[in-house]
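The figures here come from the full heavy-atom set of this structure, side chains too, leaving out hydrogens, waters and symmetry mates. Since this is a predicted model, take the numbers as computed values, not measurements. Both counts, for ligands and for their atoms, begin at 1 and track the order of listing.
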Amino acid sequence: FAEAYKRPMPTHPLSYGNTVLGGNMPVVCVPLTATAKDKILEEAKFVAELKPDMVEVRADFWDCIEDTHASVAMLRDIDKIIGDVPMLLTVRIKAERGYKDVSDKAKFNFYRAAAKEKLVELIDMELAYGEEKIQSFKKELVNSGISLVVAYHDMNATPTADEIVKIMDREIAAGADIAKIVVKPNSEEDVLTFLKGILTFRRTYSKYPVIASASGDIGRISRLIGGLFGIDLTFASGVKGSNPTQMPVSVVREALAVIYPN
Ligand SMILES: O=C1C[C@@](O)(C(=O)O)C[C@@H](O)[C@@H]1O
């Protein structure tokens, strides 16, 4: 008999209903990337049918994002459609491949309102805001049950494995419940460096779930095999991906079933 194999999982997985971030199989998360209200709701319906483990609401794409009242109403509508599937709320800054410039005022007023109504299970904030701002936002989430994802994106290159661990360490120090890093490999060696960095983080900071991906065609494989090296969530496309190298949910599910048999 083959020995039972377990991928390197965090010691403290996070559960959101039926979705376990840090369980046997990486979570499949599908982003919503439409811009206009009717299209966003259509997309949410389509994505709900795909039965993802998590939905990422990329509100930086929204036409109405500067209007907090309208954005909260939109999120309530999406929540009704998505139902029990946990939602990650992201207003990505333009400097880290966000769709457009969104004012910090609009972003954090929206985040606060979404947290107050507990419309989402996770919220994403970039490490670029710095420890002080992240910690103060984290304080606002206390007692909400909402997890804070702290994210770092290198859009041009791949830091060394040591640097990757240090970046993720800074995310945790700033208050992340989940450490997140996205890099751009420019060679196959960079993909190995990326995976080495993630695995080293997992071995050293065993408590924390990890969200990570390597972009571009060279990095695509990380979206499937990353779980073997400590990645707990992979993004897959629904109607349209939020990154050109995301693969459709059905493809990702099929591959994951082979790579992570239970
Ligand atoms: O930061 C990330 C990672 C991502 O860019 C990807 O590489 O799949 C997808 C984004 O929607 C998400 O917020």
Handout entry: ligand 1 N/O within reach of R223 N/O, cut-off under 3.5 Å
Key = yes
Exercise for the section: Identify, by atom number and element, the atoms of ligand 1 in contact range of E56, meaning under 4.0 Å from any of its heavy atoms. Expected result: 10 (C), 11 (O), 12 (C), 13 (O)
Fill in the blank from the handout: Shortest non-hydrogen pair, I146 vs D177, comes out as O-OD2, 4.2 Å
Exercise for the section: Taking atom CG of N18 as the centre, report whether more than 12 heavy atoms of other residues, nucleotides or ligands fall under 6.0 Å from it. Expected result: no
Exercise for the section: Dump the intermediate steps for side chain to side chain donor-acceptor pair (under 3.5 Å) on Y99 and T35, then the final yes or no. Expected result: CA-CA 10 Å; Y99 181 67; T35 55; 5.3 Å; no
Practice task
Mark yes or no for whether Y152, through its side chain, and I167, through its backbone, hold a donor-acceptor pair below 3.5 Å.
Solution key: no
Handout entry: Short N or O distance, D124 and ligand 1, threshold 3.5 Å exclusive
Key = no
Completion exercise
Note: ligand 1 atoms sitting under 4.0 Å from heavy atoms of Q246 are 6 (C), 8 (O), 9 (C)
Exercise for the section: May I ask you to test the M87-E121 pair for a side-chain heavy-atom distance under 4.5 Å? Expected result: yes
Exercise for the section: Would you mind listing which atoms of ligand 1 come within a distance below 4.0 Å of any non-hydrogen atom of S242? Expected result: 9 (C), 10 (C), 11 (O)
Fill in the blank from the handout: Min over R97, H153, M155, K184 of heavy-atom distance to atom 1 (O) of ligand 1 lands on H153
Problem - Test: K37 and D63 ion pair at under 4.0 Å - result: no
Problem - Check ion pair D169-K166 (N to O, under 4.0 angstrom) - result: no
Practice task
Just go through V149, T90, V182 and tell me whose heavy atom is the nearest to atom 3 (C) of ligand 1.
Solution key: V182
Problem - Within-cut-off N or O pair, K180 and ligand 1, under 3.5 Å - result: yes
Exercise for the section: Starting from atom 5 (O) of ligand 1, find the nearest protein heavy-atom neighbour and note its residue, name and distance. Expected result: N243 ND2, 3.8 Å
Exercise for the section: Check if S215 has a non-hydrogen atom at a distance under 4.0 Å from any atom of ligand 1. Expected result: no
